[in-house]
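For clarity, every value in this text was computed on a predicted model and none was experimentally measured.
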Amino acid sequence: MGTVGTIDSDYRGEVFVTLYTVGNRPPHVARSGDRIAQLIVGLRADVSLEIAESLGDTERGGGGHGSTGS
């Protein structure tokens, strides 16, 4: 299970990782040197926005994040 966070470009503080146990699993002990997180560096897309009064229909329709459209 993973979560995603965003670090803003103007942030200058320390970066923390939160560990938590889900359900009835025993606690996890993190030891020095354990790999517990990944940092992925990406570029922010430079996009233009256009204000619209309404949006037309699409093939995907109202399917949200992760939707296959079926």
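- Summarising the local packing, CG of D34 is surrounded by more than 12 heavy atoms from other residues, nucleotides or ligands at distances under 6.0 Å.
- Summarising the local packing, CG of N24 is surrounded by 12 or fewer heavy atoms from other residues, nucleotides or ligands at distances under 6.0 Å.
- Hydrophobic clustering of Ile, Leu, Val, Met, Phe, Trp and Tyr side chains at less than 4.5 Å, counting indirect connections, keeps V15 apart from V17.
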